[in-house]
Undergrad: 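One structure, as structure tokens, below. Some questions next.
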Protein chains: 2
Amino acid sequence: MFEKDRGKAGGVMQTGGGNRAPRQPLRQPSIKDIARLARVSHPTVSRALQNSPLVNAQTAAKIRKIADEAGYRASAVARGLVTRRTRTIGLVVTTVDDPFAGEVTCGIEQAANDHGYAVFLASSSADPERERKVVQALAERRVDGIIVTSSRVGALYLPLLEELNVPIVLVNDQYPGEFVHSVMIENVEGARAAVEHLIGLGHRRIAYVGDRLGYQSDAERLAGYKDALKRGGIEFRAALVKEGNGRPEAAIEAVDELLALPAPPTAICCYNDMTALGALRAIRARGLRVPEDVSVTGFDDLFFAAYLQPPLTTVRQPMRRMGQLAMENLLKLMSGEDSVAQSRVEAELIVRASTGRAKTGSEESRHG
Amino acid sequence: MFEKDRGKAGGVMQTGGGNRAPRQPLRQPSIKDIARLARVSHPTVSRALQNSPLVNAQTAAKIRKIADEAGYRASAVARGLVTRRTRTIGLVVTTVDDPFAGEVTCGIEQAANDHGYAVFLASSSADPERERKVVQALAERRVDGIIVTSSRVGALYLPLLEELNVPIVLVNDQYPGEFVHSVMIENVEGARAAVEHLIGLGHRRIAYVGDRLGYQSDAERLAGYKDALKRGGIEFRAALVKEGNGRPEAAIEAVDELLALPAPPTAICCYNDMTALGALRAIRARGLRVPEDVSVTGFDDLFFAAYLQPPLTTVRQPMRRMGQLAMENLLKLMSGEDSVAQSRVEAELIVRASTGRAKTGSEESRHG
DNA sequence: CTCCCCATTGCACACGTTTGCTTAAGCCAC
DNA sequence: GTGGCTTAAGCAAACGTGTGCAATGGGGAG
């Protein structure tokens with residue numbers, strides 16, 4: 001009836017047939033086809049499928065049955081055209097293979113799906129040119145909202161995004177804008193807790209390995225670090241702050257420099273777990289032990305943190321939850337609610353075995 | 001400017017006072033608006049924007065300039081309605097936060113983007129009910145093609161997918177179907193290489209920790225394991241095969257049972273790196289050392305493998321490349337090419353420090 | 001019996017593109 | 001001049017859905 005049975009007939013048409021239609025997706029049954037079968041008008045079908053009270057219950061049931069048998073699936077694209085809402089959001093992420101992004105994405109996707117939204121995944125790879133194209137594409141696709149996670153170039157293209165007049169939610173970043181809201185973690189408190197933990201263990205020379213790419217979260221964690229030092233009556237020393245790029249390789253170099261200092265740190269607070277991964281390696285490469293010689297803390301509590309040797313002391317971010325929260329906030333924004341507050345979630349220090357008591361003065365002298 | 005005198009009246013343009021409209025996304029300029037401004041008909045605008053030779057060069061330039069100034073962005077949804085192609089694909093993944101899936105996704109997204117395709121991310125979470133809904137959603141959204149990675153339930157819902165008459169590419173799985181093609185890694189050869197490496201180190205009691213969820217890749221790797229044993233003249237013993245679920249927690253349990261055997265293995269070949277993560281922990285929990293007491297191999301070469309202590313010997317999958325390949329194959333399928341072969345990529349054994357020589361007989365007696 | 005109301009359904013149009021076909025010039029050759 | 005060709009532009013229809021409004025019919029109240 002809908003010319004549904006083609007192709008299959010040939011059976012073994014593999015290469016011989018040759019005359020296969022050029023993958024012109026064969027027409028799906030439309031609302032009008034169903035209307036014809038049910039002997040009603042197509043608006044009636046439309047209403048019946050939306051459970052509109054305007055159509056007689058029996059008629060509706062009959063129509064639904066017919067639609068079901070015909071394998072009818074409403075076209076979201078046609079619907080989107082007339083309703084001007086696509087029930088689609090865009091998720092912009094710098095890179096998909098970052099475990100943090102993965103977890104957040106997971107939470108977003110789940111929440112979106114639960115509410116009937118589909119999500120376009122777009123990665124910018126931190127390439128400005130690509131970023132522009134990605135945003136352009138999302139605009140053309142008429143997404144109802146956008147979530148951007150860990151934008152490292154926020155200020156650069158967020159104005160562009162805002163120009164689309166589409167609600168935006170940022171994860172782990174913020175930006176002053178009319179439609180723009182954020183979900184953030186207590187970076188300052190989290191980092192402070194980690195450093196205070198180290199101070200409590202007797203450490204005095206504590207280093208911080210950050211991220212040179214200018215994430216806002218890095219600035220905040222550094223602030224937390226400084227704050228803890230101040231409270232602990234320890235002088236801040238710029239020489240103990242190095243920058244990586246959020247990946248293990250860069251951290252190795254940074255930590256290596258730290259350990260080469262005349263008075264090397266006895267503890268290292270890392271911007272995130274990936275950085276800590278590199279730190280651990282750099283420390284071992286020098287023949288030092290964790291935590292006996294140097295203590296290390298991370299941030300995120302990625303899945304592998306508990307499985308490292310030694311298991312990593314870190315600050316947990318409820319990443320899934322943050323994604324979910326971002327989506328929920330976006331839903332509110334999209335429904336016109338304008339009062340969505342900035343959401344901040346709590347950071348939780350997870351103490352494992354990569355942190356230990358600082359060496360006593362005498363032992364410490366080994367460094368000269 | 002583009003008020004188009006319909007109901008909306010009042011022209012709630014731009015930053016109008018405080019009375020923000022209920023997030024009814026304010027109308028984007030349409031092709032007709034541009035036509036009016038350029039004093040031409042809208043089909044002419046359409047053609048001009050597509051660089052059609054049918055329109056005068058000067059007129060086209062003028063139109064493009066006007067469109068640009070007006071911030072015009074073509075509506076992909078309207079275009080999709082008439083062309084019946086959305087330039088959109090669906091990516092179905094069991095879970096987004098799996099690092100393997102993340103890497104593959106990365107490659108897919110990149111390739112898709114390069115060709116002007118957008119990708120809908122959908123996770124099934126291995127929940128059949130959800131799976132059905134996800135597929136339904138993709139169908140309604142009229143995606144041009146679908147990629148499914150590591151389907152654990154292939155046979156269950158692939159027929160459903162195929163019924164959509166949309167080209168499908170599977171990653172790390174295969175299924176006999178007309179529109180269905182695959183990208184796979186040489187699982188058998190990869191696992192065999194790992195086990196032969198172990199045999200070469202003198203190991204004789206080698207265990208395999210698999211995945212009870214029934215992935216095809218697991219079956220193949222197990223086959224490679226058996227194959228290597230046979231070639232090495234070592235008898236296969238079912239007691240040395242245990243099943244995890246591809247996550248560290250389950251592997252701990254499995255490996256613990258292996259180590260409790262009267263004659264425990266001296267080497268463990270793991271289904272993937274996540275499994276290896278658990279294996280390492282279980283081994284240490286018993287006070288044994290890697291690789292001195294037990295050697296361990298993984299599969300995937302996820303980013304953390306090189307950073308473990310000891311660095312993990314594993315079989316590398318070119319995950320990004322596989323994603324890219326999947327997308328390229330899908331593109332061919334979508335353009336009607338029917339000759340896309342099954343793609344198989346090579347696995348590469350990466351020897352690191354988690355594998356070492358088997359203990360000699362005398363040392364080995366510690367267990368007995 | 002008349003009037004009005006309610007329940008149900010159909011009509012017509014709109015959403016923003018693309019595209020086949022027609023039309024309007026302009027030009028050249030005969 | 002007439003006819004045909006080329007170039008440029010417009011007309012109209014289509015894609016598949018949603019929705020305001022009109023039309024139809026039946027039933028109850030007066």
Side-chain angles (χ1 to χ4, degrees), chain A residues 2 24-63 67 70-88 139-142 144, chain B residues 2-9 24-64 67 70-88 139-142 144:
Chain A
F2 313 115
Q24 175 70 302
L26 76 177
R27 204 168 73 72
Q28 301 249 46
S30 86
I31 214 176
K32 291 184 185 172
D33 296 315
I34 308 302
R36 203 173 310 125
L37 291 175
R39 301 182 186 291
V40 294
S41 68
H42 72 271
T44 300
V45 174
S46 172
R47 288 191 254 256
L49 296 176
Q50 306 177 53
N51 297 320
S52 160
L54 287 183
V55 33
N56 179 283
Q58 289 178 32
T59 322
K62 172 180 144 205
I63 291 176
Y72 170 79
R73 334 227 150 172
S75 161
V77 11
R79 178 179 298 143
L81 184 56
V82 39
T83 62
R84 300 154 126 343
R85 314 189 86 252
T86 54
R87 293 189 83 77
T88 287
E140 293 195 354
R141 296 219 129 85
R142 300 291 193 263
D144 293 337
Chain B
F2 309 114
E3 63 267 43
K4 173 116 191 222
D5 58 69
R6 30 162 279 197
K8 275 305 160 209
Q24 174 72 303
L26 76 176
R27 205 168 72 74
Q28 301 249 47
S30 86
I31 212 176
K32 293 186 184 172
D33 296 314
I34 307 303
R36 201 174 311 127
L37 291 174
R39 302 186 185 287
V40 293
S41 70
H42 73 271
T44 299
V45 174
S46 173
R47 289 191 250 257
L49 264 25
Q50 309 177 52
N51 297 319
S52 160
L54 287 181
V55 32
N56 179 281
Q58 290 178 29
T59 324
K62 171 179 144 204
I63 291 177
R64 275 194 290 268
Y72 170 78
R73 332 225 152 175
S75 161
V77 9
R79 178 179 298 142
L81 184 57
V82 41
T83 63
R84 302 158 112 14
R85 313 189 88 253
T86 53
R87 292 189 82 79
T88 288
E140 293 195 354
R141 297 223 129 85
R142 299 291 191 265
D144 293 336

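Proteins get letters first, then strands, A, B, ... in listed order; numbering begins at 1 in each. Small disclaimer: the values here were computed from a predicted structure and weren't measured.
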Undergrad: Any heavy-atom pair between the side chains of B:Y72 and B:D33 that's under 4.5 Å?
TA: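 They are not in side-chain contact.
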
Undergrad: With a cut-off of less than 4.0 Å, is there a side-chain N or O of A:R84 near OP1 or OP2 of C:dG16?
TA: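 Yes, within the criterion.
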
Undergrad: Between C:dT19 atom C1' and B:R85 atom CZ, what is the distance in whole Å?
TA: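 Result: 17 Å.
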
Undergrad: Hey, which sits more toward the 5' end of DNA chain C by its nearest nucleotide, A:H42 or A:N56?
TA: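 Its nearest nucleotide being more 5', the pick is A:N56.
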
Undergrad: Is the side chain of B:T83 donor-acceptor paired with the backbone N or O of B:R79 at a distance under 3.5 Å, no angle test?
TA: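 Flag set: sc B:T83 to bb B:R79 pair under 3.5 Å.
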
Undergrad: On a heavy-atom basis, which atom in B:V77 and which in A:R142 lie closest, and how many Å separate them?
TA: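 Minimum heavy-atom contact is CG1-CG, 3.8 Å.
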
Undergrad: Could you tell me the separation between the CD atom of B:Q58 and the C1' atom of D:dA9, rounded to a whole number of Å?
TA: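 The answer, rounded to whole Å, is 15 Å.
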
Undergrad: Look at the side-chain N and O atoms of B:S30 and state whether any lies under 4.0 Å from the OP1 or OP2 oxygen of C:dC15.
TA: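 For C:dC15, OP1/OP2 do not have a side-chain N/O of B:S30 under 4.0 Å.
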
Undergrad: Can you identify which nucleotide, out of C:dC11, C:dT9, D:dT17, has its nearest atom closest to the A:T44 side chain?
TA: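 My answer, after comparing the listed nucleotides, is C:dT9.
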
Undergrad: Could you give the CZ-to-P distance, from A:R142 to C:dT17, as a whole number of Å?
TA: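 Going from CZ in A:R142 over to P in C:dT17 covers 6 Å.
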
Undergrad: D:dT17 phosphate, OP1 or OP2: any side-chain N/O from A:S75 under 4.0 angstrom?
TA: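 For D:dT17, neither OP1 nor OP2 has a side-chain N or O of A:S75 closer than 4.0 Å.
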
Undergrad: Output yes when a side-chain donor or acceptor of A:T88 lies under 3.5 Å from a complementary backbone atom of A:T86, and no otherwise.
TA: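 It does hold such a pair.
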
Undergrad: Would you kindly compare B:A60 and A:S46 by the position of their nearest DNA chain D nucleotide and give the one closer to the 5′ end?
TA: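 With B:A60 and A:S46 compared, the 5'-side residue is B:A60.
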
Undergrad: Which of the following nucleotides, C:dA12, D:dG16, C:dT19, is nearest to the side chain of A:P43?
TA: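 Ranking C:dA12, D:dG16, C:dT19 by closest atom to the A:P43 side chain puts C:dA12 first.
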
Undergrad: In whole angstrom, give the distance that lies between atom CD of B:Q50 and atom P of C:dT17.
TA: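 It works out to 11 Å between those atoms.
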
Undergrad: Does B:T59 place a side-chain N or O at less than 4.0 Å from the phosphate oxygens OP1/OP2 of D:dA9?
TA: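 Yes, such a contact exists.
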
Undergrad: With the side chain of B:A78 defined as its heavy atoms from C-beta on, choose the nearest nucleotide among C:dA12, C:dG16, C:dT19.
TA: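 Closest of the options to the side chain of B:A78: C:dG16.
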
Undergrad: Given atom CD1 of A:I31 and atom P of C:dC11, what is their separation to the nearest angstrom?
TA: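 Result: 15 Å.
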
Undergrad: Between A:L54 (CG) and D:dA22 (P), how many Å, whole number?
TA: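 Taking atom P of D:dA22 as the reference, CG of A:L54 is at 15 Å.
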
Undergrad: Name the residue closer to the 5' end of DNA chain C, choosing between B:R47 and B:R73 according to the nucleotide with the nearest heavy atom.
TA: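 The answer here is B:R73.
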
Undergrad: Give the minimum heavy-atom separation between A:A60 and A:A48, together with the two atoms involved.
TA: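 It is CA-CB, 4.0 Å.
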
Undergrad: Mind calculating the distance between CZ (A:R79) and P (D:dC15) to the nearest angstrom?
TA: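 A:R79 atom CZ is separated from D:dC15 atom P by 18 Å.
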
Undergrad: Without decimals, in angstroms, what is the distance between A:R36 CZ and C:dG10 P?
TA: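 To the nearest whole Å, that distance equals 14 Å.
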
Undergrad: Which part of the nucleic acid does A:V40 contact within heavy-atom distance under 4.0 Å: base, sugar-phosphate only, or nothing?
TA: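 Sugar-phosphate contact only - A:V40 comes under 4.0 Å of backbone atoms but never of a base.
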
